[in-house]
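Written out below as structure tokens is the structure these notes cover.
Atoms within each ligand, like the ligands themselves, are counted from 1 in listed order. What's counted below: heavy atoms across the whole structure, side chains too, no hydrogens, waters or symmetry copies.
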Amino acid sequence: MKKLRVALTKGRLEKSAVSLFEGMGLDCGDLINKGRRLILQVGEYEAVLAKAADVITYVEHGVCDVGIVGKDTIEEYGGDFYEVIDLGVGCCRFALAAPKGVDFFKGYSRKRVATKYPGVAKRYFDGKDMDVEIIKIEGSVELAPLLGLVDGIVDIVETGATLRENGLEVVEEILPVSARVIVNKASLKLRKSEIEKLLEQLEERSRVC
Ligand code: PRP
């Protein structure tokens with residue numbers, strides 16, 4: 001029987017995923033010393049490390065059965081899968097931030113906002129009936145207001161250090177974010193017992209942010 005394949009998000013959530021799997025007693029040697037390999041053996045599972053949006057793509061298309069990905073990415077990209085567990089790791093939040101001491105909402109001029117999450121930002125401002133120009137930035141979004149490109153940013157805030165060190169502050173919190181377990185819809189039907197076993201073990205180790 002093919003191994004269940006789990007897609008893990010590279011970067012920030014990687015360590016938490018390794019801890020979860022280690023906690024389940026699985027051999028994570030491959031995950032820790034991965035070199036340039038992309039498909040890794042983690043105990044009875046096969047793991048792939050991918051960019052967050054790609055985790056969703058692989059799970060949605062069923063080439064990975066289960067994924068661990070941030071709620072931020074789920075909010076931005078959506079997709080057709082089951083979101084089953086909040087792992088309570090990678091805790092942070094979406095926030096609107098602006099230069100310290102500046103009233104973002106003041107005045108009638110159309111505001112400009114930079115973000116890596118244009119979908120999330122649009123929904124947030126639509127909810128306020130505000131017509132805002134949203135500019136997509138790929139790298140450090142905090143740079144855009146410093147350069148004078150925008151009035152504010154919609155971004156992930158974890159410790160708040162990046163904002164502080166760049167003279168920015170949270171104007172309003174938008175949504176809490178944490179790592180979620182997602183499952184391919186067909187996989188859950190076809191490999192129910194195996195997936196439920198994995199989900200139970202993950203849920204046992206989940207926390208509250
Ligand atoms: C995120 C986010 C902020 C920073 C916030 O970027 O875009 O820049 O973390 O964290 P803090 O509140 O603890 O300072 P990340 O470091 O994940 O890099 P990225 O630009 O590759 O998304």
Minimum-distance protein heavy atom relative to [atom]:
atom: atom 17 (O) of ligand 1; result: R12 NE, 2.8 Å
atom: atom 21 (O) of ligand 1; result: K116 NZ, 4.3 Å
atom: atom 2 (C) of ligand 1; result: D155 OD2, 3.3 Å
atom: atom 5 (C) of ligand 1; result: I156 O, 3.4 Å
atom: atom 14 (O) of ligand 1; result: T162 OG1, 2.4 Å
atom: atom 13 (O) of ligand 1; result: T159 OG1, 2.5 Å
atom: atom 3 (C) of ligand 1; result: E142 OE2, 3.1 Å

Any idea which heavy atoms bring V48 and R5 closest together, and the distance?
->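 Smallest heavy-atom distance, with atoms named: CG1-CD, 4.1 Å.
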Near F125 CZ, under 6.0 Å, is it more than 12 heavy atoms from other residues, nucleotides or ligands?
->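 Yes, CZ of F125 has more than 12 neighbouring heavy atoms, counting only those of other groups under 6.0 Å.
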Look at atom CZ of R207 and say whether more than 12 heavy atoms of other residues, nucleotides or ligands are closer to it than 6.0 Å.
->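 Not more than 12 within 6.0 Å, no.
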Which atoms of ligand 1 have any heavy atom of V157 under 4.0 Å away?
->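 Numbered from 1, ligand 1 contributes 12 (O).
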Any atoms of ligand 1 less than 4.0 Å from a non-hydrogen atom of G160? List them with their elements.
->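 The atoms of ligand 1 under 4.0 Å from a heavy atom of G160 are 11 (P), 12 (O), 13 (O).
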Cation-aromatic face contact K185/F81, 6.0 Å, 45 degrees =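 No; the conditions do not both hold, so K185 does not lie above the ring face of F81.
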Give, for atom CG of L175 and atom CD1 of I156, the distance between the pair rounded to the nearest 0.5 Å.
->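 Going from the CG atom of L175 to the CD1 atom of I156 covers 9.0 Å.
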Nearest-0.5 Å distance that lies between atom CD1 in I153 and atom CD in E142 |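 If I round to the nearest 0.5 Å, the distance is 4.5 Å.
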Heavy-atom gap S140 to ligand 1 smaller than 4.0 Å =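 In this structure, S140 fails to qualify as a contact of ligand 1 - no heavy atom is under 4.0 Å.
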Side chain to side chain donor-acceptor pair (under 3.5 Å) between Y117 and D155, intermediate numbers included = CA-CA 7 Å; Y117 303 89; D155 198 18; 5.3 Å; no
